[in-house]
Amino acid sequence: MAAPLSDPSLSTLKTVAVVGLGTMGTGITEVLARAGREVIGIDVSEAAAAQAVVSLEASTARAVGRGRLTEQERGDVLARFRTFTDLQAAADADLVIEVVPESYEIKQQVFRALDGIVRPETILATGTNALSVTRLAADSARPERVLGLHFFNPAPAMKLVEVVSSVLTAPAAVAAVTDLAVDLGKEPVAVGDRPGFVADGLLFGYLNQAAAMYEAKYASREDIDAAMKLGCGLPMGPLALLDLIGIDTARTVLEAMYAESHDRLHAPAPLLKQLSEAGLTGRKSGRGFYTYEAPGSATVVQDALTPQEGAALTSGRTIRSVGVAGSGTMASGIAEVFAKAGYEVVLAARSEEKAQAAKARIGKSLARSVDKGRMTAEAAAATLDLITPAGSYDAFAEVDLALEAVAEDLEIKQQLFAAFDKVCKPGAILATTTSSLPVVACARATSRPQDVIGMHFFNPAPAMKLVEVVRTVLTADDVHATVREVCTKIRKHPVDCGDRAGFIVNALLFPYLNNAIKMVQEHYATLDDIDAAMKLGGGYPMGPFELLDVVGLDVSLAIEKVLHREFRDPGLAPAPLLEHLVAAGCLGRKTGRGFREYARR
């Protein structure tokens with residue numbers, strides 16, 4: 001009978017063996033050694049073991065140079081790290097962490113060998129992010145001591161550690177490893193055993209969709225990456241991140257996820273297989289979605305797909321004055337953006353009072369900019385003077401660009417475009433800021449669909465740098481060229497995309513949010529753990545539930561319904577929990593309750 005995992009000494013886990021001294025294993029050994037643990041590094045390759053020592057010497061030397069370690073402390077850290085090429089070296093370890101290649105066969109060989117080497121109470125942890133912890137545990141002589149301990153790369157810098165329990169794992173083992181993670185300065189999140197766990201389970205579905213979007217030639221790699229960085233505040237675009245992770249690794253994780261979920265969103269995009277089999281695995285090979293200076297380099301170099309700076313576009317139309325239709329936050333924000341860039345702006349609403357109120361909102365925004373030292377009082381006054389409020393769209397008669405920012409309702413927008421068609425002069429560009437409706441449906445409400453285009457700004461418009469430029473199959477080339485040029489003049493970054501639901505950002509963002517809701521709905525993880533996992537493990541500025549409550553659950557549900565209706569993918573069906581919350585009037589911060597409760601103002 002297996003020895004129970006109840007020894008109080010286990011909570012200290014003083015000696016830790018790390019099996020596999022690649023990038024992740026070396027990073028974990030550094031974290032452990034700097035936290036005062038005796039670390040046994042094991043790798044079948046003598047070169048890998050030697051390189052791990054060199055890496056630790058270099059990183060601790062940098063820490064001394066930055067004043068984070070003394071020379072004495074550095075010597076102590078290095079003395080606590082020993083390397084070996086034989087698993088027998090793990091005999092006295094309290095905890096063994098394996099980070100060998102993502103293969104059941106290799107990992108099972110390691111665990112079976114360890115069964116005959118380590119003490120009965122020694123905890124065995126797998127660093128997998130794709131394989132079943134339960135399956136690895138079941139093959140062990142003592143499955144109750146096997147769990148997952150998933151660090152994120154680079155281990156010394158990333159705070160998140162997912163502690164993965166199988167149905168066989170003893171609670172004492174989980175508690176001991178969780179205490180260790182806290183002692184290492186990490187933030188542990190307890191999760192169950194499913195491929196990808198929380199962070200990668202959400203992240204890799206999103207990365208896969210981005211790869212499929214690129215494969216479909218819907219948008220360029222640069223525009224997809226820029227859209228997600230600028231539209232969502234992410235530290236890296238999805239295709240650059242796939243190159244960093246390794247396209248072969250991503251494919252392995254997705255295959256494991258799909259084997260369990262059978263969700264088409266997890267079925268690896270064919271392009272991932274093609275790149276993997278061609279050896280184009282990302283940074284480590286020197287080429288993946290992008291081309292790099294050398295294998296292992298982070299420096300992107302130009303290749304045949306790199307957009308040429310200053311490439312000749314179709315000559316555009318002259319834009320001097322802009323009409324903005326609407327009186328809400330988005331309309332006033334867009335009007336402010338154009339006025340700051342020196343354009344004459346007509347801000348029209350359904351009544352003079354609403355238009356005046358929108359202009360007053362802009363005045364307050366400009367005053368805040370003055371208070372923060374971002375502009376002078378004179379510049380703010382001059383900007384405000386460029387905005388003329390109007391209670392009728394007749395005021396758009398002479399504008400060069402008419403842009404609507406009214407309710408996200410197709411019938412209302414079509415009526416507005418019909419009004420633009422009657423009022424605006426020939427040659428004026430007509431634009432919609434829709435985030436989810438078909439731009440071509442707005443265009444067909446006019447007699448000049450070639451002049452209609454989408455300009456999807458992000459809220460708050462003065463702060464957010466991204467504009468998705470959405471051309472329909474009817475949009476004229478000079479209209480597209482003009483709008484891109486205007487975006488540059490108002491200091492926004494334009495990305496091109498076609499007229500389909502969600503464009504780039506929402507098409508990638510909302511399936512990710514929907515999958516997070518499903519995790520909670522299935523009681524796999526808590527709101528707090530999922531939010532923490534995505535902020536700490538994925539570098540997201542907000543967790544998915546924080547973001548959902550800010551966006552509004554009703555808005556989120558509407559966008560998810562549009563995506564599901566357009567792409568007909570069962571995996572895109574809105575999570576029932578979201579529908580229930582919206583039906584109950586729990587719409588997020590604006591109602592005081594969404595996924596969380598908020599203090600009433």
Side-chain angles (χ1 to χ4, degrees), residues 209-210 212-228 230-232 307 313-314 316-317 325-326 330 334 401-418 420-421 424 428-459 466-487 492-511 555 558-569 572:
Q209 286 181 283
M213 180 181 280
Y214 176 64
E215 183 174 14
K217 295 182 169 56
Y218 175 68
S220 71
R221 61 192 181 182
E222 288 83 2
D223 280 354
I224 291 170
D225 280 354
M228 298 314 292
L230 298 174
C232 297
L313 291 169
T314 305
R317 305 179 186 181
M330 181 60 84
I334 292 171
L401 167 63
L403 192 150
E404 68 77 19
V406 299
E408 193 73 346
D409 179 294
L410 183 56
E411 187 176 346
I412 292 172
K413 290 185 187 293
Q414 287 176 321
Q415 290 172 356
L416 188 53
F417 271 86
F420 284 175
D421 194 33
C424 294
I429 293 173
L430 314 180
T432 172
T433 62
T434 184
S435 64
S436 60
L437 300 174
V439 177
V440 75
C442 297
R444 292 300 301 276
T446 75
S447 63
R448 38 177 153 172
Q450 72 279 2
D451 291 338
V452 178
I453 196 165
M455 290 182 72
H456 180 211
F457 287 78
F458 287 73
N459 211 7
L466 182 68
V467 176
E468 289 178 320
V469 177
V470 188
R471 64 183 303 175
T472 75
V473 291
L474 302 173
T475 305
D477 289 343
D478 66 334
V479 168
H480 173 245
T482 302
V483 166
R484 283 192 61 91
E485 185 180 349
V486 165
C487 287
K492 301 299 180 187
H493 184 106
V495 296
D496 286 326
C497 49
D499 184 21
R500 75 178 201 190
F503 310 135
I504 296 175
V505 173
N506 286 346
L508 295 178
L509 174 65
F510 280 89
V555 173
I559 293 172
E560 289 181 5
K561 284 182 174 178
V562 167
L563 292 172
H564 184 223
R565 190 162 57 242
E566 175 133 334
F567 296 110
R568 313 290 180 91
D569 188 328
L572 294 174

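In this chain, numbering begins with 1 at the start of the sequence shown.
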Starting at [atom1] of [X], measure out to [atom2] of [Y] and round the result to the nearest 0.5 Å.
{"X": "F567", "Y": "Q209", "atom1": "CZ", "atom2": "CD", "answer": "9.0 Å"}
{"X": "L466", "Y": "M228", "atom1": "CG", "atom2": "CE", "answer": "9.5 Å"}
{"X": "T446", "Y": "L416", "atom1": "OG1", "atom2": "CG", "answer": "12.0 Å"}
{"X": "D223", "Y": "Y214", "atom1": "CG", "atom2": "OH", "answer": "11.5 Å"}
{"X": "K561", "Y": "S436", "atom1": "NZ", "atom2": "OG", "answer": "12.5 Å"}

Search all heavy atoms of [X] against all heavy atoms of [Y] and return the closest pair with its distance.
{"X": "V505", "Y": "C232", "result": "CG1-SG, 3.7 Å"}
{"X": "G498", "Y": "F503", "result": "O-CD2, 3.8 Å"}
{"X": "I224", "Y": "A210", "result": "CD1-O, 4.1 Å"}
{"X": "S447", "Y": "D421", "result": "N-OD2, 2.8 Å"}
{"X": "L410", "Y": "L437", "result": "N-CD1, 3.5 Å"}
{"X": "I504", "Y": "A219", "result": "CD1-CB, 3.8 Å"}

| said: Checking side-chain polar atoms at under 3.5 Å, does N506 have a donor or acceptor matched by the opposite partner on H456? | reply: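 No.
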
| Can you find a side-chain donor-acceptor pair between Q450 and T475 that sits under 3.5 Å? |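 Judged by distance alone, the side chains do not pair up.
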
When you compare the side chain of [Y] with that of [X], does any pair of heavy atoms fall below 4.5 Å?
{"X": "I453", "Y": "T472", "result": "no"}
{"X": "M455", "Y": "K492", "result": "no"}
{"X": "F458", "Y": "L230", "result": "no"}
{"X": "R444", "Y": "V452", "result": "no"}
{"X": "L430", "Y": "R448", "result": "yes"}
{"X": "C497", "Y": "R471", "result": "no"}
{"X": "P511", "Y": "L563", "result": "yes"}
{"X": "V469", "Y": "H480", "result": "yes"}

Closer than 3.5 angstrom, by distance alone: can the side chain of [X] be matched with the main-chain N or O of [Y] as a donor-acceptor pair?
{"X": "D478", "Y": "G316", "answer": "no"}
{"X": "E560", "Y": "L572", "answer": "no"}
{"X": "D499", "Y": "V439", "answer": "yes"}

| Residue that, paired with E408, satisfies side chain to side chain contact (heavy atoms under 4.5 Å, CB included) out of V555, T434, V562 |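 By the side chain to side chain contact (heavy atoms under 4.5 Å, CB included) criterion, E408 pairs with just one of V555, T434, V562: T434.
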
| Going through the distances and angles, do H564 and R568 end up as a side-chain contact (heavy atoms from CB on, under 4.5 Å)? | CA-CA 5 Å; H564 184 223; R568 313 290 180 91; over 6 Å; no

| field | Derivation and outcome, side-chain contact (heavy atoms from CB on, under 4.5 Å), residues E468 and F457 | value | CA-CA 7 Å; E468 289 178 320; F457 287 78; over 6 Å; no

| CA sep, side-chain torsions, deciding dist, call: K413, E404, salt bridge (Lys or Arg N to Asp or Glu O under 4.0 Å) | CA-CA 8 Å; K413 290 185 187 293; E404 68 77 19; 2.9 Å; yes

| task | Tell me, with the steps shown, if D451 and I429 meet side-chain contact (heavy atoms from CB on, under 4.5 Å). | result | CA-CA 5 Å; D451 291 338; I429 293 173; 5.6 Å; no

| Residue R317 excluded, over 12 heavy atoms near CZ under 6.0 Å |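 Above 12, so yes.
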
